[in-house]
*Asks:* 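Quick one: the structure is below, questions incoming.
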Amino acid sequence: MKFRTRAIHLGFDPDPQTGAVVPPIHLATTFAQPAAGEWREFDYSRSGNPTRKAFENAIAALESGVGGLAFASGMAAIHCVTQLLQAGDHIVTGQDIYGGTFRLFHKIINRAGISVTMVPTNDLDAVEKAFQPNTRLLWLESPGNPLLTITDIVACAEIAHRHGVLVGVDSTFATPALTRPLELGADIVMHSATKYLGGHSDVLGGVLVVRDPELYQRLYFIQNATGAVMGPWESYLCHRGLRTLELRIREQCRSAMAIAQFLAGHPAVRRVYYPGLPDHPGHEIAARQMSGYFGAMVSFEVHGDIGTARKVVNSTRLFHLAVSLGAVESLIEQPALMSHASYDPEARRAHGISDTLIRLSIGLEDPEDLIADLQQALAQVA
Ligand SMILES: C=C(NCc1c(COP(=O)(O)O)cnc(C)c1O)C(=O)O
């Protein structure tokens, strides 16, 4: 069956007793057992919960994995992956990655003696040259946040596996409707479920899916031991979000293409970052890797300075000025001051995140209304 059909039905079989066509929300934190030392499938909700398990199974199936793990946030999911490593190990990651991931890598796990090298992961030579004998993990984001850098997952996985290195892909911006990294050779796929999987700015969560049963057991052990699990209500909301994911992301992609084309022709705009534009360096790889779509995030730079960009983002009426992304309502933000403020200023500039960069998360409003809103906001700085 096609992705859209499976997403609607996975984990939603009618209850055999009641016939209910949506899964129950199990709030129980503990489960009575038949006898001491005899265990049911579920014993304690940190270790496993029926509602979370239904969502984990659904996202695992949609990502072509053998097992899924759901967390309280995307950062909790990424942190779980880093706990596979130990002091003296090394991570290679991209330069176009979320500010919170930059912070985790450079200000938290570095304290445990894990080192990190950031490279342009769309340059395969740079990726391979960055590997060291102690490199254990290649962490990719494609499209990258916020410059929408496209990384060739197949090529990177082949290089990494030649060096015995695990490949993790943060696929938040792509979603499994467009890209399934495990099918392309990655070992781990991660999502901030807060974004497109939930899809309505009303749930915080994270997800890992893997294709190797032994790796699943290692990550499950870490998840259970460290405890940053997704709650039952959030699991239900993310599971429900999967049912409309493909419809939402495809429509959002169509609007993003129209908005990117509008911005590309606007005199106040210096540069547009959108993989769907033919001049984007990753256009061909994206077309192949994202099922003919190019995502629903659009970033652009305006002429002027940090104040010019700030005036634009403060002037929209339909786009909410807010971090996060992937929801039905459109959002606008200025990474230098907001989503990527956790980058050290010199690192931010070194990685191409300029003061005049503006990032858009395109929602499901009519694109004509969104373009009209951007037109009037840009007119404030014309
Ligand atoms: C909040 C934002 N990003 C969260 C995020 C995260 C972190 O997810 P959280 O659910 O916010 O913990 C991980 N990976 C990517 C690509 C992300 O974009 C933002 O970019 O505004």
*Asks:* For V189, does its backbone N or O pair with a side-chain atom of E63 as donor and acceptor, under 3.5 Å?
*Replies:*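 No; judged by distance alone, with no hydrogens or angles, the pair does not exist.
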*Asks:* Which heavy atom in L378 sits nearest to a heavy atom in A268, and how many Å separate them?
*Replies:*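 Minimum heavy-atom contact is CD2-CB, 4.3 Å.
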*Asks:* Counting C-beta onward and ignoring hydrogens, is there a side-chain heavy-atom pair between I362 and V298 closer than 4.5 Å?
*Replies:*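 In contact.
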*Asks:* Provide the closest heavy-atom pair for P120 versus V127 in the form atom of the first, atom of the second, distance.
*Replies:*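 Between these two residues, the closest heavy atoms are O-CG2, 4.3 Å.
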*Asks:* Once you measure the plane-to-plane angle for H106 and F102, does it fall in the parallel (<30°), tilted (30-60°) or perpendicular (>60°) bin?
*Replies:*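 Taking F102 first and then H106, their aromatic rings lie parallel (interplane angle under 30°).
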*Asks:* Has S235 got a side-chain atom pairing as donor or acceptor with F55's backbone, closer than 3.5 angstrom?
*Replies:*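 Answer holds: no.
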*Asks:* Under the 3.5 angstrom rule, does the side chain of Q252 hit a backbone N or O of A327 as a donor-acceptor pair?
*Replies:*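 Here the side-chain-to-backbone pair exists.
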*Asks:* Looking at A186, is its backbone amide N or carbonyl O close enough to the side chain of R211 to form a donor-acceptor pair, meaning the two atoms are under 3.5 Å apart?
*Replies:*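 Yes.
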*Asks:* Strictly distance-based, threshold 3.5 Å: is any side-chain N or O of S361 a donor or acceptor partner for the main-chain N or O of G326?
*Replies:*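 Yes, S361 side chain to G326 backbone: donor-acceptor pair under 3.5 Å.
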*Asks:* May I ask you to decide whether R271 forms a salt bridge with E301, counting only side-chain N to carboxylate O separations under 4.0 Å?
*Replies:*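 Between E301 and R271 there is no salt bridge, as every charged N stays at least 4.0 Å from the carboxylate O atoms.
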*Asks:* Sort out for me which residue in D96, D123, T121, N122 forms a side chain to side chain donor-acceptor pair (under 3.5 Å) with T151.
*Replies:*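 Answer after filtering D96, D123, T121, N122: T121.
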*Asks:* Taking R349 first and then E346, would you say they form a salt bridge - that is, a charged N and a carboxylate O separated by under 4.0 Å?
*Replies:*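 Between E346 and R349 there is no salt bridge, as every charged N stays at least 4.0 Å from the carboxylate O atoms.
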*Asks:* Give me the one residue out of L182, I153, T179 that meets side chain to side chain contact (heavy atoms under 4.5 Å, CB included) with V169.
*Replies:*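 Considering L182, I153, T179, a side chain to side chain contact (heavy atoms under 4.5 Å, CB included) with V169 is found only for I153.
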*Asks:* Would the distance check show the side chain of H280 and the main-chain N or O of G276 forming a donor-acceptor pair, the cut-off being under 3.5 Å?
*Replies:*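 Here the side-chain-to-backbone pair does not exist.
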*Asks:* Who pairs with E183 by side chain to side chain donor-acceptor pair (under 3.5 Å), at least two apart in sequence or on another chain?
*Replies:*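 With neighbours one apart ignored, the set is S64, R180.
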*Asks:* Please report the C-alpha distance between L374 and L360 in whole Å, then the side-chain angles of each, then the deciding distance to 0.1 Å, and finally whether the side-chain contact (heavy atoms from CB on, under 4.5 Å) criterion is met.
*Replies:* CA-CA 10 Å; L374 291 170; L360 304 175; 3.9 Å; yes
*Asks:* Other residues, nucleotides and ligands only: do more than 12 of their heavy atoms fall within 6.0 Å of CD on E38?
*Replies:*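 Count over threshold, so yes.
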*Asks:* Is L325 close to E333 at the side-chain level, that is, under 4.5 Å between some pair of heavy atoms?
*Replies:*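 A side-chain contact is absent here, since even the closest heavy-atom pair is not under 4.5 Å.
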*Asks:* Please say yes or no: joined through hydrophobic side-chain contacts below 4.5 Å, possibly via intermediate residues, are F12 and I59 part of one cluster?
*Replies:*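 No; tracing contacts between hydrophobic side chains, which count when under 4.5 Å, never links both residues.
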*Asks:* Mind checking the CG-OG spacing from L148 to S299? Nearest 0.5 Å is all I need.
*Replies:*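 The distance works out to 4.5 Å.
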*Asks:* To the closest 0.5 Å, what do you measure between NZ (K2) and CD (E246)?
*Replies:*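 The distance works out to 9.5 Å.
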*Asks:* Just checking R317: does its CZ atom have more than 12 heavy atoms from other residues, nucleotides or ligands closer to it than 6.0 angstrom?
*Replies:*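 For R317, atom CZ is not crowded (no more than 12 foreign heavy atoms under 6.0 Å).
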*Asks:* Report yes or no: do I159 and L166 belong to one cluster of Ile/Leu/Val/Met/Phe/Trp/Tyr joined by side chain heavy-atom distances under 4.5 Å?
*Replies:*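 They do not share one cluster, since no chain of ILVMFWY contacts under 4.5 Å joins I159 to L166.
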*Asks:* State, yes or no, whether a side-chain contact exists between F105 and T93 at a heavy-atom distance under 4.5 Å.
*Replies:*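 Yes, at least one pair of side-chain atoms sits under 4.5 Å.
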*Asks:* Tell me whether V92 shares a hydrophobic cluster with I97, the cluster being built from Ile, Leu, Val, Met, Phe, Trp, Tyr side chains joined at under 4.5 Å.
*Replies:*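 No, V92 does not connect to I97 through the hydrophobic network.
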*Asks:* Decide whether F173 and L204 are clustered together by the hydrophobic rule: side chain heavy atoms of Ile, Leu, Val, Met, Phe, Trp, Tyr closer than 4.5 Å, transitively.
*Replies:*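 No; tracing contacts between hydrophobic side chains, which count when under 4.5 Å, never links both residues.
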*Asks:* Do H26 and F42 make a side-chain contact, defined as non-hydrogen atoms from C-beta onward lying under 4.5 Å apart?
*Replies:*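 No; the side chains remain at least 4.5 Å from each other.
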*Asks:* Can you get from L27 to V203 by hopping between Ile, Leu, Val, Met, Phe, Trp and Tyr side chains that sit under 4.5 Å apart?
*Replies:*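 Same cluster.
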*Asks:* Any side-chain to backbone donor/acceptor pair from Y220 onto S47? Under 3.5 Å, distance only.
*Replies:*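 Indeed, once roles are kept as given, a pair shorter than 3.5 Å links the two residues.
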*Asks:* Output, in order, the C-alpha distance, side-chain angles, deciding distance and verdict of side-chain contact (heavy atoms from CB on, under 4.5 Å) for L242 and L197.
*Replies:* CA-CA 6 Å; L242 295 179; L197 303 192; 4.1 Å; yes
*Asks:* When you compare the side chain of I371 with that of I259, does any pair of heavy atoms fall below 4.5 Å?
*Replies:*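 Side-chain contact under 4.5 Å: yes.
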*Asks:* Could you tell me whether a side-chain N or O of D373 sits under 3.5 Å from a main-chain N or O of F319, the two making a donor and an acceptor?
*Replies:*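 Yes.
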*Asks:* Side chain to side chain donor-acceptor pair (under 3.5 Å), that's the test. Do S201 and E329 meet it? Break it down for me.
*Replies:* CA-CA 8 Å; S201 299; E329 75 280 344; 2.3 Å; yes
*Asks:* Quick one: does I78's side chain get under 4.5 Å of W139's, heavy atoms only?
*Replies:*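 They are in contact (side-chain heavy atoms under 4.5 Å apart), so the answer is yes.
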*Asks:* Can you check whether R136 reaches L84 side chain to side chain, under 4.5 Å on heavy atoms?
*Replies:*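 The answer is no, as the side chains (C-beta and beyond) never meet within the 4.5 Å cut-off.
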*Asks:* Would you name the heavy atoms of A377 and T316 that are closest together and state the gap between them?
*Replies:*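 Answer, listing the atom of A377 first, then T316: CB-CG2, 3.8 Å.
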*Asks:* Kindly determine whether H351 and H340 satisfy side-chain contact (heavy atoms from CB on, under 4.5 Å), including the steps that lead there.
*Replies:* CA-CA 11 Å; H351 295 154; H340 288 65; over 6 Å; no
*Asks:* Would you name the heavy atoms of P143 and M290 that are closest together and state the gap between them?
*Replies:*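 Closest pair (atom of P143, atom of M290, distance): CG-CE, 3.8 Å.
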*Asks:* Given 3.5 Å as the limit, does a donor-acceptor pair link the side chain of Q33 with the main chain of F31, or not?
*Replies:*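 Pair found, side chain donor or acceptor close to backbone of F31.
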*Asks:* Drop me the distance from C80's SG to M75's CE, to the nearest 0.5 angstrom.
*Replies:*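 Result: 12.0 Å between the selected atoms.
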*Asks:* First locate atom CZ of F300, then atom CG of L357, and finally report the distance between them rounded to the nearest 0.5 Å.
*Replies:*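 Going from the CZ atom of F300 to the CG atom of L357 covers 8.5 Å.
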*Asks:* Once rounded to the nearest 0.5 Å, what's the spacing between atom CG of L62 and atom CZ of R4?
*Replies:*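 Answer rounded to 0.5 Å: 13.0 Å.
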*Asks:* Without swapping roles, check the side chain of R46 against the backbone of G227 for a donor-acceptor pair under 3.5 Å.
*Replies:*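 Not at all, since once roles are kept as given, no pair shorter than 3.5 Å links the two residues.
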*Asks:* Using the ring centroid of each side chain, check whether F294 and H283 are separated by less than 6.0 Å.
*Replies:*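 Yes: the rings meet the under 6.0 Å criterion.
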*Asks:* So, for D187 and H161, which heavy atoms are closest and what is the spacing to 0.1 Å?
*Replies:*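 Minimum heavy-atom separation between D187 and H161: OD2-NE2, 2.8 Å.
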*Asks:* Less than 4.5 Å apart, side chain to side chain, heavy atoms only: is that true for L263 and Y274?
*Replies:*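 Not in contact.
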*Asks:* Rounded to the nearest 0.5 Å, what's the gap from OH on Y196 to SG on C238? Could you check?
*Replies:*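 Answer rounded to 0.5 Å: 15.0 Å.
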*Asks:* Salt bridge or not between K107 and D344? Use side-chain N to carboxylate O under 4.0 Å.
*Replies:*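 So K107 pairs with D344 through a salt bridge.
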*Asks:* Grab the two heavy atoms, one from E365 and one from V328, that are nearest each other, plus how far apart they are.
*Replies:*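 Of all heavy-atom pairs spanning E365 and V328, the closest is OE1-O, 3.6 Å.
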*Asks:* Go through it in stages, so that I can follow the logic: the residues are I358 and V302, the test is side-chain contact (heavy atoms from CB on, under 4.5 Å), and I'd like the CA-CA distance, side-chain angles, deciding distance and then a yes or no.
*Replies:* CA-CA 8 Å; I358 294 171; V302 290; 4.1 Å; yes
